[in-house]
Amino acid sequence: MSDSRIPDKPDLAGLEDTWNAVWDETGIYHFDATKTRDEVFSIDTPPPTVSGSLHVGHVFSYTHTDTVARYQRMAGKEVFYPMGWDDNGLPTERRVQNYFGVRCDPSLPYEPDFTAPDDAGDPKAVGKRQTISVSRPNFIELCVQLTVEDEKAFEGLFRRLGLSVDWTRTYETINDHCRRISQLAFLDNLSAGQAYQIEAPSLWEVTFQTAVAQAELEDKELPGAYHKLRFRIVRDASGATVESAEGSDEPAIWIDTTRPELVPSCVALVAHPDDERYQPHFGGTVSSPLFGVEVPVVAHELAQPDKGTGIAMICTFGDTTDVTWWRELDLPVRTVIQRDGKFAAETPEWIPEGAATEAYQRLAGLRSKNAQDEIAKMLAEAGEMEGDPRPITHPVKFFEKGDKPLEIVSSRQWYIRNGGRDDDLRQALVDRGDEMNWVPSYMQTRFASWIEGLNGDWLISRQRFFGVPIPLWYPLDAAGEPVWDQPLVPSEDQLPIDPSTDVPAGYDESQRGQAGGFMGEPDIMDTWATSSLTPQIATGWRTDKDLHARTFPMDMRPQAHDIIRTWLFSTVVRAHFDADDVPWRNCALSGWILDPDRKKMSKSKGNVVVPTELLEQYGSDAVRYWASSGRPGTDTAFDEGQMKIGRRLSIKLLNASKFVLGFGDPSEGIDPSKVTDALDRSMLDRLADLVDDATTAFEAFDYARSLERTEAFFWWFTDNY
RNA sequence: GGGCCGUUAGCUCAGUUGGCUAGAGCGCUGCCUUCACACGGCAGAGGUCACUGGUUCAAGUCCAGUACGGCCCACCA
């Protein structure tokens, strides 16, 4: 250190560029792949979604991880710190569609010479131009083409923020490597019996027309209404026909339902076995209003005597309880709502001809909401509904990215076992939580309670077009029907494949869709099916055994607490199967950035604060200072005041450094044991305590505590020493 | 309905196994253009530690309960 490096007037401006250039030239953050596992600290960095832009929340949580990375490096560890970009999923799919004016059609063949339209990216062209259909491989190419620009911008911002990432180690979740790992892991799961397909009722999004998983659900409080409907009693428990007594009302059971439109798919009425009001009717039958379909009255302990009239109609399927009842009581399937969310045009075969069919035809083609209004009218006209519907609000299940209530339809889907239907596996996964250190510790409770509350396996197939394809084909029998249970599996060296354009061994393209030929699996995998493999992707599982051995299980997974049930849990499931181990030793959960606009400064600001502006205005160190003041797992208010303080602290630090360096060249070295002045020794003691304190804090991933202590010491040092 | 977290100065928050008159920063008041720093320094005002009980020589800290705020989960009749 020479005096010429000490400026007369220390200034923050340009520090980021200066040091980024040095870091780049020296490759100081490049991973040294010769270090052994115990010398390495490896980080499973969350890949941000590259559609859209980074926001202050990213700056916040990625800074936390970076402080830990830098601490570990100072503590002597070789830090493995890669970065991924997530370009799977609906947001990217939509963005590619709009940007290029294309639509993914897996039935089309790959066109190697396809180029994007000239007006790609032109906002004026959106919605006006003719949509071009392209094959899935072409669509993926366009996605990569579009996201590479975003990735550059993201990388630029992260570099400016000072993240000590190894920028030579990046991945995109849709690239060949990730598709390969994703398909490889799936095929492993398949051969181990951990992945399976089944035709079963599952939650269905009618807008996107795809199945969704339990982890992607969200409850919304919606207005609804109880409709009290009459089911006439047909037979008693002995099977004898029940006649109405002379002059009195026909004997009937009244039920309350919020979904009267599902009366045509009613398969039974259910009440609690202990409910004395309905015990006499168990084993008997009733006739559904309007449609006159005779259904049994059954008993099941899930029925709640205090809800509605205490007896419910079971429809296939109105809600997840219906699925349970249908399965456990061995009831038939009578589906009326199709995958597009509309009532089937054809009158179902179980509905009698005549008035019942006429009634059904008034519902045919309608969506649930309209059908509900229509049937309420009919029920009222027919005198089958008592009084008016009684408005209530109730929770309704939605896909977290959807805007229509989910329906339940029966379809063939792929699942990965996750303990939802297997107590031993469930317990094994809960126990994996004990093998990991949780920061903050109470987050483990969320992990465990999510697993304990699972009610089915992980549904990974999606009826979408963009994503990592399920790497299978099916032979077609002589009648041209797929033989689902004999999938054609690609070999490992073929991966990644796209069954919509690639051909299984022993077949040629001309046999696609032909009797005696083959068909590709049409579904893709859920984005989490790939994201759950980020440790495997980053560490070179099955592709770079040497690197994998030096970095896996990883040391740290930083992530937000809202995706414990999705990303964190699914990653644990995958590592449990793939490695019989945990994916990482430490889970560091970060909190949210609370929007200050909600509190007070919404209009006064007017414009959205983007991270680049913050970094310009306050400097990276100041923004990092603010981020680091948010304690692990704690939601933190966006606070420019903290950034101002951070900026002052940074300047103070530069000036104090200048002052200290003015005393001479510190590289001469000072032996602390030779310091005799009481004042000096006192300061050094205090410093040693601080180092202990900060080290302890960082070992526990508590960067905020470390900052607080260090800052306090620094002010004491400059003021008093 | 079940569970988790929180409630300390006007604001944002520290307070680690219970232990000296409860701390910091911001903001506020007053003073200081001292040669590292006015992007600074010094001094000061400001708190029934949500509430109620309990354990203890001693409780912001432990226990029980209550209230309020937030989050997660739950079978939509």
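A, B, ... follow the sequence lines: proteins, then strands. Residue 1 opens every chain. Being a predicted model, the structure only gives us computed values, none of them experimental.
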Check your understanding: For atom C1', what is the distance between B:C42 and B:A38, given to the nearest Å?
Key -> 13 Å
Review point. Under a 3.5 Å cut-off for both distances, is B:G65 Watson-Crick or wobble paired, and to whom?
Key: B:C51
Revision key, fill the gap. If pairing means Watson-Crick or G-U wobble with both distances under 3.5 Å, then the partner of B:C11 is B:G25
Practice item. Ignoring the backbone of A:Y442, work out which of B:C76, B:A36, B:C4 is nearest its side chain. Key: B:C4
**Study point:** A:Q214 side-chain N/O to B:C75 phosphate OP1/OP2 under 4.0 Å
**Key:** no
Exercise for review: Report the residue (A:K307 or A:L12) whose heavy-atom-nearest nucleotide on RNA chain B is the more 5′ of the two.
Suggested key: A:L12
Practice item. Output yes when at least one side-chain N/O atom of A:R565 is less than 4.0 Å from OP1 or OP2 of B:C73, else no. Key: yes
**Study point:** Nearest-nucleotide pick for A:T445, side chain only, options being B:C4, B:A74, B:G40
**Key:** B:C4
Practice item. State which of B:A36, B:A74, B:G15 makes the closest approach to the side chain of A:D219. Key: B:A74
**Study point:** N/O donor-acceptor pair, side chain A:Q304 with base B:C75, under 3.5 angstrom
**Key:** yes
Review point. Is it true that the side chains of A:E294 and A:S287 contain a donor and an acceptor less than 3.5 Å apart?
Key: no
**Study point:** Atom P, compared across B:G3 and B:U66: separation rounded to whole Å
**Key:** 12 Å
Point to revise | Distance between P atoms of B:A59 and B:C20 (Å, rounded) | key: 11 Å
Exercise for review: Taking ring-ring contact (aromatic ring centres under 6.0 Å, His included) as the test, write out the residues that go with A:H272, two or more places apart.
Suggested key: none
Point to revise | Interatomic distance at C1', B:A74 relative to B:A67, whole Å | key: 25 Å
Practice item. Mind checking side chain to side chain contact (heavy atoms under 4.5 Å, CB included) for A:S682 and listing every partner two or more places apart, or none if nothing turns up? Key: none
Check your understanding: Of the nucleotides B:G40, B:A14, B:C75, which has the atom closest to the A:W715 side chain?
Key -> B:G40
Check your understanding: So what does A:L302 hit on the nucleic acid, given a heavy-atom distance under 4.0 Å: a base, only sugar-phosphate, or nothing?
Key -> base
Practice item. With heavy atoms under 4.0 Å as the rule, sort A:N455 into base, sugar-phosphate or nothing. Key: sugar-phosphate
Practice item. Determine the Euclidean distance between corresponding P atoms of B:G18 and B:U61; express it in Å to zero decimal places. Key: 12 Å
Check your understanding: Think A:N655 has a side-chain N or O under 4.0 angstrom from the OP1 or OP2 of B:G40?
Key -> no
Review point. Taking atom types as modelled, is there a side-chain donor on A:S620 or A:E16 under 3.5 Å from an acceptor on the other?
Key: yes
Check your understanding: Below 4.0 angstrom from OP1 or OP2 of B:C37, is there any side-chain N or O of A:R648?
Key -> no
Point to revise | Watson-Crick/G-U partner (both atom distances under 3.5 Å) of B:C20 | key: none
Exercise for review: Answer with yes or no whether A:K397 presents, from its side chain, a donor or acceptor under 3.5 Å of a partner atom in the base of B:C76.
Suggested key: no
Practice item. Take A:R446 and A:T257, find for each the nucleotide of RNA chain B with the closest heavy atom, and name the residue whose nucleotide sits nearer the 5' end. Key: A:R446
Give every pair of a protein N or O atom and an N or O atom of nucleotides 42-45 of chain B that lie under 3.5 Å apart, one pair per line with the distance.
unit_1, atom_1, unit_2, atom_2, d
B:C42, OP1, A:D719, OD2, 3.4

Practice item. Pick base, sugar-phosphate or nothing for A:A712, based on heavy-atom distances below 4.0 Å to the nucleic acid. Key: nothing
Review point. Just checking, any donor-acceptor pair under 3.5 angstrom between side chains of A:Q427 and A:D431?
Key: yes
Check your understanding: Under a 3.5 Å cut-off for both distances, is B:A74 Watson-Crick or wobble paired, and to whom?
Key -> none
Practice item. Give A:T718 one of three labels, base, sugar-phosphate or nothing, depending on what nucleic acid heavy atoms sit under 4.0 Å from its own. Key: base
Check your understanding: With a non-hydrogen cut-off below 4.0 angstrom, is A:T258 in contact with a base, only sugar-phosphate, or nothing?
Key -> sugar-phosphate
Exercise for review: For A:L406, answer base if it contacts any base atom (sugar-phosphate contacts may also be present), sugar-phosphate if it contacts only those atoms, and nothing otherwise; contact means non-hydrogen atoms under 4.0 Å.
Suggested key: base
Review point. A:R631 has a side chain; which of B:G40, B:C13, B:A36 sits nearest to it?
Key: B:C13
Exercise for review: Assess the side chains of A:D434 and A:Q444: does a donor N or O sit below 3.5 Å from an acceptor N or O?
Suggested key: yes
Review point. Do we see a donor-acceptor contact under 3.5 Å between the side chains of A:E407 and A:S368?
Key: yes
Review point. Any cation-pi pair here, A:R417 with A:W458, using under 6.0 Å and within 45°?
Key: no
Study note, to complete from the structure: B:C42 -> Watson-Crick or G-U wobble partner, both distances under 3.5 Å, gives B:G30
Practice item. Taking only the side-chain heavy atoms of A:F659 (C-beta and beyond), determine which of B:C5, B:C26, B:A36 contains the nearest atom. Key: B:A36
Exercise for review: Validate the cation-pi geometry between A:R557 and A:W567: distance from NZ or CZ to the six-membered ring centre under 6.0 Å, angle to the ring axis within 45°.
Suggested key: yes
